[in-house]
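Data block below; observations after.
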2 protein chains.
Amino acid sequence: MEKIIKNPDFSDGEEILSEYLRRNFTVQVSGLCSVNYQGRAKSKLDRGERLVIKKQDSALLVHGPENYQPKNWQPEVDEWEVKAQEDELLLKARRKDPDEIVEIRFEDLEFLMVTQLVDSSDLKIRGHEIDIHESIEEDPKIVEEELKVVERERETPAGFIDVFARDSEGNYVVIEVKRNPDYNTVLQLQRYVDEIEDEFSLNVRGILVAPKMTDKVLDYLEERGLEFVGVEMEDVIASYETIDNSQKGLSDFNPDYEVD
Amino acid sequence: MEKIIKNPDFSDGEEILSEYLRRNFTVQVSGLCSVNYQGRAKSKLDRGERLVIKKQDSALLVHGPENYQPKNWQPEVDEWEVKAQEDELLLKARRKDPDEIVEIRFEDLEFLMVTQLVDSSDLKIRGHEIDIHESIEEDPKIVEEELKVVERERETPAGFIDVFARDSEGNYVVIEVKRNPDYNTVLQLQRYVDEIEDEFSLNVRGILVAPKMTDKVLDYLEERGLEFVGVEMEDVIASYETIDNSQKGLSDFNPDYEVD
DNA sequence: CGTGCCAGGTGCCAT
DNA sequence: ATGGCACTTGGCACG
């Protein structure tokens with residue numbers, strides 16, 4: 001930890017923030033503040049105690065005591081302005097594109113902390129939509145016995161078809177994969193099916209493959225003669241274990257503190 | 001600030017976390033850790049230094065040194081488990097619905113902080129889609145001269161029409177408002193127009209009103225004989241100033257520390 | 001409670 | 001840069 005100051009006064013705050021905000025440090029300021037934002041929209045946040053975090057890439061977060069989400073933020077700050085005034089410490093964070101500004105006015109500072117985090121590890125995640133695509137291609141029978149995948153990402157005037165296949169009777173099958181299917185998914189699938197039917201002048205099946213389904217969406221599908229096949233997310237994830245094991249290795253964590 | 005401990009050992013960590021995680025405090029733990037998540041998806045995050053924040057409503061955030069987003073998180077935690085072991089401090093955060101778990105293994109603790117934030121202010125924001133709706137209703141000529149709004153949220157079999165209106169020549173006009181229009185927006189508007197044309201057996205205009213537009217979406221609109229009208233977000237926001245001023249008042253901030 | 005839908009969405013990868 | 005799209009989307013409002 002580089003620095004921690006409890007109950008700093010505004011001039012301490014100005015000094016520390018001016019020194020560290022623009023550099024490769026994680027800076028935290030907590031205290032009683034109000035926040036204004038103007039840019040793509042405009043917001044006002046009255047006085048309250050919050051935790052403000054400036055990350056090492058200049059991302060800015062204003063967190064209240066609740067919620068996953070910050071109350072205000074700036075994904076990337078291009079210009080900082082810090083000014084201690086008689087009755088407040090003003091912190092302005094401006095972003096150029098889009099042009100947006102977050103202004104934080106502290107009336108009281110509870111603490112101020114400067115640290116540096118070293119983290120070169122990437123998050124490895126499995127369970128995205130693309131992983132379902134891969135599972136289907138590896139093992140088409142999770143959708144249907146004797147299904148043969150013809151093409152992935154087949155282009156049509158209406159967009160890209162996730163998986164294009166033929167069933168055991170030779171029918172063309174359009175497969176749309178969605179992690180979180182909704183009303184729109186059905187319309188999208190419908191459009192693809194229409195496109196392919198036009199193209200081949202044949203009857204074409206449309207299957208929505210998803211790990212979950214709601215009654216409403218299912219009704220909507222069936223009204224249109226489309227089908228649903230559920231897929232277990234655990235199976236999709238499981239196929240990753242083997243891949244992952246083969247690539248497993250110790251992390252090469254080696255703290256390499258860099259200043260600036 | 002309730003507590004701050006620099007370089008706590010695992011048993012300090014266990015003690016403090018056990019005491020405060022389940023209560024109405026903001027808890028921060030920073031240190032070298034690895035994180036596993038399993039639930040709707042599955043992820044692994046190798047060793048690295050991170051800032052872990054538990055908010056007063058039990059939201060959990062695992063922030064790396066960069067990015068607006070946390071690397072792992074839990075919007076709401078139902079069950080905590082903390083255990084100091086010989087070589088690590090294990091923190092498990094489980095959520096019941098959906099069933100998900102985040103496991104954080106600290107190999108080294110840099111600091112541990114317990115605070116309590118008091119914030120009863122609501123964020124007032126202007127610039128949402130609904131605000132565009134209101135602007136149109138207040139002053140339809142921002143879309144077109146002599147436009148008359150007939151109905152808002154008119155229901156059709158294809159969904160709700162944002163604004164239903166008539167132009168100076170008496171034609172029906174379907175208006176779809178979008179803050180971030182895309183490909184799907186066009187299809188949605190098309191469906192509404194089709195519905196209304198069926199209903200009245202008349203030619204019906206469709207207008208997409210949005211603060212921004214891309215060439216691709218514009219082409220797609222025009223191919224279908226639909227129109228686009230841009231709206232200045234600043235105008236939408238401006239109309240708020242007057243409303244806001246009339247309601248402006250001092251915040252009644254009054255720190256009321258509650259334990260549990 | 002499920003369902004739909006917006007978001008200052010953010011982030012990622014394609015062209 | 002721009003567009004198109006998925007997200008452990010989160011969050012809210014509504015039936």
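Note that these values count all heavy atoms, side chains included, but never hydrogens, waters or copies made by symmetry.
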Just to verify, what does B:Arg40 make a side chain to side chain donor-acceptor pair (under 3.5 Å) with, not counting sequence neighbours?
B:Glu100
Sticking with atom C1', work out how far C:dA14 lies from D:dT8, rounded to a whole angstrom.
24 Å
Among side-chain atoms of B:Lys42 and B:Asn36, is any donor-acceptor pair under 3.5 angstrom?
no
B:Thr26 and B:Gln56: side-chain donor and acceptor closer than 3.5 Å?
yes
Taking side chain to side chain donor-acceptor pair (under 3.5 Å) as the definition, give me every residue that meets it alongside A:Lys54, ordered by chain and number, with sequence neighbours left out.
none
Pairwise C1' distance, D:dA6 and C:dA7 [rounded to whole Å]
15 Å
For atom CE of A:Met213 and atom P of C:dT3, their distance in whole Å:
11 Å
Separation of C:dG9 atom P from B:Glu129 atom CD, nearest Å, is 11 Å
Heavy-atom side-chain contact between B:Pro211 and B:Ile132 under 4.5 Å:
yes
Measure from CG on A:Asp162 to P on D:dC5 and round the result to the nearest Å.
11 Å
Heavy atoms under 4.0 Å is the rule here; annotate nucleotides 8-15 of chain D 5' to 3' with B where the base is hit, S where only the sugar-phosphate is, and - elsewhere.
BSSS----
Residues within residues 214-221 of chain B bordering DNA chain D, heavy-atom distance below 4.0 Å:
B:Thr214, B:Asp215, B:Lys216
Between A:Asn72 and A:Ser43, a side-chain donor and acceptor under 3.5 Å
yes
Under the side chain to side chain donor-acceptor pair (under 3.5 Å) rule, collect the residues that match up with A:Glu137, sequence neighbours excluded.
A:Arg152
A:Glu222 CD: over 12 foreign heavy atoms closer than 6.0 Å:
yes
When rounded to whole Å, the CG to C1' distance for the pair A:Asp182 and C:dC6 reads 13 Å
Flag, side chain of B:Asp182 to backbone of B:Asn184, donor-acceptor distance under 3.5 Å
yes
Pairs under 3.5 Å (N/O, protein and nucleotides 13-15 of chain C):
none

Can you confirm whether the side chains of A:His63 and B:Lys55 place a donor and an acceptor under 3.5 Å from each other?
yes
When rounded to whole Å, the CD1 to P distance for the pair B:Ile130 and C:dG9 reads 16 Å
Whole-Å gap separating C1' (D:dG3) and NZ (B:Lys178):
18 Å
What integer distance in Å separates B:Phe160:CZ from C:dT3:C1'?
13 Å
So, the side chain of B:Asp46 versus the backbone of A:Ser121: is there a donor-acceptor pair under 3.5 Å, distance only?
no
In whole angstrom, give the distance that lies between atom CG of B:Asp97 and atom P of C:dC1.
9 Å
